[in-house]
K.L.:
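Would you mind keeping the following structure in view while I ask a few things?
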2 protein chains.
Amino acid sequence: MTRTPLADVACSIARATDLFGDAWTALIMRDVLTGVTRFDDLAHDLGISRKVLAARLSRLVEEGVLVRERYQERPPREHYRATPKGEELYPVLLALMEWGDRWYAGPAGPPARIRHLGCGLDTTPVSACAHCGEPLTVGNTTQLPGPGGRTGPGTRVLGPLLAAREDTPETGRPATV
Amino acid sequence: MTRTPLADVACSIARATDLFGDAWTALIMRDVLTGVTRFDDLAHDLGISRKVLAARLSRLVEEGVLVRERYQERPPREHYRATPKGEELYPVLLALMEWGDRWYAGPAGPPARIRHLGCGLDTTPVSACAHCGEPLTVGNTTQLPGPGGRTGPGTRVLGPLLAAREDTPETGRPATV
DNA sequence: ATTCTTAAGTTCCCTCAGGGAACTCGGCTA
DNA sequence: TAGCCGAGTTCCCTGAGGGAACTTAAGAAT
């Protein structure tokens, strides 16, 4: 898996994917955020190889997503907890879960519900505009180069087609978006 | 990578991750949704091995996330477009991007901006409750078993700790959530 | 009419990451 | 003092991914 190259790309999705784009990391974060925080519990719950689990956990600690903490002194035992950076991955998990629910839930319905304690209802998470609160979709958003974007050959930022709309009209190819 | 086992697990995150938990798939979807839809363009833009790109694309088509379509007749040329199922992965990408922006953007700022055409402003996507519109966080939500959840030994659904809160009080271990 | 080029993949070889299971090591506990 | 967690390491083996060359089909160039 090409790790380092991806992290260098000037795209936040690529940077996030470099860490999170791995079959296990999302599930580890799901577990840790829902209270499965010990090595053995994670290994059993996920069915992951202990070797790979150890590697993932130390990478996540290195990245500041998890912290390894002692939770009891005698005998000394450590577990893993999410940092704020780790907790902020929750929206990613919610989005993945929502998508999985919509497209893979059987006739019985989704395997889990998310209850919003604020309003007390079982909720479905939507990706909303921070300003007006409307749902964001492929159709009602456009991607523009940001301040931190590098320009130059081969360094796409995000959405050259849509960025191009700002200055010159596109070619004849159908616009997906 | 253990593919099939994960898809069987009664957890929508696991199901979604089985397809999406791969360093390349997220980036392919980003590209396709932003207008990079042809094989060679994808290969060059991503720097992905052509072999792996072919494998990913055919998997995505198989799953109904993309469709392979002829976009010109002479000479016959095909490209890939997102289906509704594919477009609905957009919130996942937004969440990944937002997280990457927050934690990996340099001093110059994020590499890209998302403009919401509805309100005309550059936006930051938030994961909100569909009922009340409030942001969903680890702290203000709880996970409960859903109708489609399997019960039995070894089949965690999502959040046994939080689910357990409904009936019996927890052990002495600190609750991460 | 032959050669060039482009698009869209395949094929081949090779390395390295992941799976599985056994081993380690410190520190209780019976 | 033998056993038993919890938390990893180590070992071997297979298979997925990288890289680069090859293929096929259909214009376009000369």
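Chain A is the first sequence line, chain B the second, and so forth, proteins listed ahead of strands; every chain is numbered from 1.
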K.L.:
Mind calculating the distance between NE2 (A/H79) and C1' (D/dC5) to the nearest angstrom?
P.N.:
17 Å

K.L.:
Could you tell me how far apart A/H44 (NE2) and C/dG20 (C1') are, to the nearest whole angstrom?
P.N.:
13 Å

K.L.:
Please tell me which of the listed nucleotides, C/dG18, C/dC28, D/dG18, lies nearest to the side chain of B/S49?
P.N.:
D/dG18

K.L.:
Which whole-number value in Å describes the distance from B/Q72 CD to C/dT6 C1'?
P.N.:
10 Å

K.L.:
Roughly, in whole Å, what's the span from CZ in A/R59 to C1' in C/dG18?
P.N.:
16 Å

K.L.:
Enumerate the residue pairs fulfilling salt bridge (charged side-chain N to carboxylate O under 4.0 Å, His left out) with a member in residues 118-141 of chain B, sequence neighbours excluded, ordered by first and then second residue.
P.N.:
B/R113-B/D122, B/R115-B/D122

K.L.:
Enumerate donor-acceptor pairs with a distance under 3.5 Å from any side-chain N or O in residues 46-54 of chain B to protein atoms, sequence neighbours excluded.
P.N.:
{"unit_1": "B/S49", "atom_1": "OG", "unit_2": "B/K51", "atom_2": "N", "d": "3.2"}
{"unit_1": "B/S49", "atom_1": "OG", "unit_2": "B/V52", "atom_2": "N", "d": "3.4"}
{"unit_1": "B/R50", "atom_1": "NH2", "unit_2": "B/D40", "atom_2": "OD1", "d": "2.9"}

K.L.:
What's the CZ-P distance between B/R77 and D/dT24, to the nearest Å?
P.N.:
16 Å

K.L.:
List in chain and number order the residues that pass salt bridge (Lys or Arg N to Asp or Glu O under 4.0 Å) with B/R70, two or more places apart in sequence or in another chain; answer none if no residue qualifies.
P.N.:
B/E73, B/E78

K.L.:
Round to a whole Å and report the spacing from CG of B/L46 to C1' of D/dG19.
P.N.:
16 Å

K.L.:
Closer than 4.0 angstrom, basic N to acidic O: yes or no for B/R102 and B/E98?
P.N.:
no

K.L.:
Taking the side chain as everything from C-beta on, heavy atoms only, tell me whether A/F20 gets closer than 4.5 Å to A/L93.
P.N.:
yes

K.L.:
Please state how far atom CZ in A/R56 lies from atom P in C/dA17, giving the value in whole angstrom units.
P.N.:
10 Å

K.L.:
Using a 4.0 Å cut-off on protein heavy atoms (strictly under), produce a 5'-to-3' string for nucleotides 9-15 of chain C with B for base contact, S for backbone-only sugar-phosphate contact, and - for none.
P.N.:
BBBBB--

K.L.:
List in chain and number order the residues that pass side-chain contact (heavy atoms from CB on, under 4.5 Å) with A/S127, two or more places apart in sequence or in another chain; answer none if no residue qualifies.
P.N.:
B/P91, B/L94, B/P125

K.L.:
Between C/dA21 atom P and A/L53 atom CG, what is the distance in whole Å?
P.N.:
16 Å

K.L.:
Who passes ring pair (Phe, Tyr, Trp, His ring centres under 6.0 Å) against B/F39, sequence neighbours left out?
P.N.:
none

K.L.:
Looking at the side chain of A/R38, which of C/dG27, D/dG6, D/dA26 is the nearest nucleotide?
P.N.:
D/dG6

K.L.:
When you match A/I48 and A/P76 each to their closest nucleotide on DNA chain C, which lands nearer the 5' end?
P.N.:
A/I48

K.L.:
Does a side-chain N or O of A/W24 approach OP1 or OP2 of C/dA17 to a distance below 4.0 Å, or not?
P.N.:
no

